[in-house]
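Here's the structure we're looking at; comments come further down.
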Amino acid sequence: MEIEELRTFVEVADSGGVSPAARRLGVSKSIVSRRLIRLEAELGVQLLARSTRGAALTEAGITFRDHAARACAEIDAARETILPAGDLRGRLRVAVPLSFGPTHLAPVLAEMARRHPLLHVHTVYSDRFVDLIAEGFDCAIRVGYLQDSTLVARRVGPIYGKLLASPDYIEAHGCPEKPEELAGHQALMQGTETWQFLDGDKVVTVHPRGRFKADNAVALCAAALAGLGIAWIPDGITRDHVASGALVPIMTSYPPPPAGVYVIRPPGQQPARKVRVLTEMLIECFEQSSVATS
């Protein structure tokens, strides 16, 4: 019984089909199917009931899935134990935000791949909050104010932003000077988030409202430039617009507290060494560069 067959079965079981499992593993659907056939032949039982809509676990498959997942985890841990110090192999699948990742985080992932030639790095760039467990990610990098979750988070650095609006919006609707005045303004948001501001040592929380929402900070910046409302946007995206006067910082007496950049992973005893190494590299990057403010 090959470890790749076990790993493939777990991916198919967790993703619900051959096609999504193949995408996770980075192999063809035919390879996934052959591995499943060999595994079922070795065990002498059917693990998956296949249909045009996907693959569902049989009773035997439900029982075997947890054993297979534990076996894969044990093998991964054993490999890490005997590998030379600093040597990584296998696959690292990580979700990275689209509006921050390509410019600030992609170089770190590229450097990690360079240092570890046996490691396969698969990165998905999206501002969507992926389901790490259901979609088979080893970890995710998230930017902003972290929400409560059962996932394990490690803060790797700060990210600074401002509350901004265009001169046209300010001329038409006025400029709020205090957090409570935001209730009378259009907010540009990613969802139903709250905004926080520092009033001396006190944190003031506001629940903004608005008709324009986007899951991407660059899109929110475009909306702010168009005069649609007020937005909190990281400095790295807005610096040139602020310098040109196209966007104006507002409520500067009540600055937002620094947001964070976090490595998020599924709960467990210890993070995989590849996730620990990525986390350490990100911390080093934030400490040694201006990524936090650029």
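Residue numbers start at 1 and run along the sequence shown.
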- Item | Common cluster, L163/V203, ILVMFWY with side-chain heavy-atom separation under 4.5 Å | no
May I ask you to check whether over 12 heavy atoms, not counting those of R209, lie within 6.0 Å of atom CZ?
no
> Donor-acceptor pair, Y169 side chain versus A226 backbone, under 3.5 Å?
Replying inline: no
query: Can L43 be reached from I37 by stepping across I, L, V, M, F, W or Y side chains whose heavy atoms are under 4.5 Å apart?
result: no
Between S99 and N216 the two heavy atoms that sit nearest each other are CB-ND2, 3.6 Å
Under the criterion side-chain contact (heavy atoms from CB on, under 4.5 Å), I'd like the reasoning laid out for V206 against T194: C-alpha separation, chi angles, the key distance, then a yes or no. CA-CA 6 Å; V206 174; T194 59; over 6 Å; no
Please test L6 against C72 for side-chain contact (heavy atoms from CB on, under 4.5 Å), starting from the C-alpha separation and ending with a verdict.
CA-CA 7 Å; L6 292 177; C72 292; 3.9 Å; yes
Heavy-atom distance under 4.5 Å between the side chains of P256 and Q196, does that happen here? no
Check: Are M112 and V108 joined in one hydrophobic group, where the rule is that I, L, V, M, F, W and Y side chains link up if heavy atoms are under 4.5 Å apart?
Finding: yes
P249 side chain near V242 side chain, heavy-atom distance below 4.5 Å: yes
message = For the CD atom on E2, are there more than 12 heavy atoms of other groups (residues, nucleotides or ligands in this structure) within a distance under 6.0 Å?
response = no
Exercise. Kindly determine whether L36 and V12 satisfy side-chain contact (heavy atoms from CB on, under 4.5 Å), including the steps that lead there.
Key: CA-CA 9 Å; L36 293 174; V12 173; 4.0 Å; yes
Margin query: I'd like to know if the side chain of E181 and the backbone of E177 have a donor-acceptor N/O pair within less than 3.5 Å.
Written below: yes
The reported gap from OG1 in T279 to CD in E284 (rounded to nearest 0.5 angstrom) is 12.5 Å
With distance as the sole test, does Q186 use its side chain to make a donor-acceptor pair with the main-chain N or O of R211 at under 3.5 Å? yes
CZ (F9) and CD (E4) are apart, to the nearest 0.5 Å, by 15.0 Å
| said: Between the side chains of D138 and K274, is the shortest nitrogen-to-carboxylate-oxygen separation below 4.0 Å, so that they form an ion pair? | reply: yes
Minimal heavy-atom distance between F286 and P158, with the atoms involved, is CE2-O, 3.5 Å
Could you tell me if the side chain of V275 sits less than 4.5 Å from the side chain of V263, heavy atoms only?
yes
inquiry  = Using a strict threshold of under 4.0 Å (side-chain N to carboxylate O), is an ion pair present between D235 and K162?
reply    = yes
Does the D127 side chain pair with the main chain of L98, one donor and one acceptor, at a distance under 3.5 Å?
yes
Is the shortest side-chain heavy-atom distance between V94 and V96 below 4.5 Å?
yes
Can you tell if the side chain of I141 reaches within under 4.5 Å of the side chain of I264, non-hydrogen atoms only? no
Check your understanding: Between L198 and I250, is there a shared hydrophobic cluster once you connect ILVMFWY residues whose side-chain heavy atoms come closer than 4.5 Å?
Key -> no
Taking every heavy atom of H116 against every heavy atom of L88, the minimum-distance pair comes out as ND1-N, 3.5 Å
>> As a quick check of understanding, evaluate side-chain contact (heavy atoms from CB on, under 4.5 Å) for F137 and R265, giving each step before the final call.
In response: CA-CA 8 Å; F137 285 94; R265 65 175 176 85; over 6 Å; no
> Under 4.0 Å between a Lys/Arg side-chain N and an Asp/Glu carboxylate O for K178 and D199?
Replying inline: no
Checklist line | Sidechain-backbone polar pair: T58 side chain, L47 backbone, donor-acceptor under 3.5 Å | finding: yes
Notebook entry, point to check: Is R114 salt-bridged to E111, cutoff N-O under 4.0 Å?
Noted result: yes
Quiz item: Should the pair W195 and F197 be assigned to parallel (<30°), tilted (30 to 60°) or perpendicular (>60°) ring geometry?
Solution: perpendicular
inquiry  = Within a 6.0 Å radius of atom CD on Q46, are there more than 12 heavy atoms belonging to other residues, nucleotides or ligands?
reply    = yes
Does any part of the side chain of E280, heavy atoms only, come nearer than 4.5 Å to the side chain of L282, both counted from C-beta? no
Between P97 and P102, the two heavy atoms sitting closest are O-CD, 3.7 Å
| said: With heavy-atom distances below 4.5 Å as the criterion, would you say the side chains of L278 and C139 are in contact? | reply: yes
_Quick one, L225 and C221 - any side-chain contact, counting heavy atoms below 4.5 Å?_
yes
Note to self: Main chain of I31, side chain of S28: is a donor-acceptor contact present, judged purely on distance under 3.5 Å?
What the structure shows: yes
In terms of hydrophobic clustering (I, L, V, M, F, W, Y; side-chain heavy atoms under 4.5 Å; direct or indirect links), are V32 and I3 co-clustered? yes
Are the charged groups of R35 and E5 less than 4.0 angstrom apart, N to O?
-> no
Of all heavy-atom pairs linking I159 and G260, the shortest is CG2-N, 3.8 Å
Closest non-hydrogen contact found for L182 with P176 is CD2-CG, 3.8 Å
Does the structure place the NZ or CZ of R154 under 6.0 Å from the centre of the six-membered ring of Y262, at an angle of no more than 45° from the ring's axis? no
_Please determine whether a side-chain nitrogen of the Lys or Arg among R34 and E40 lies less than 4.0 Å from a carboxylate oxygen of the Asp or Glu._
no
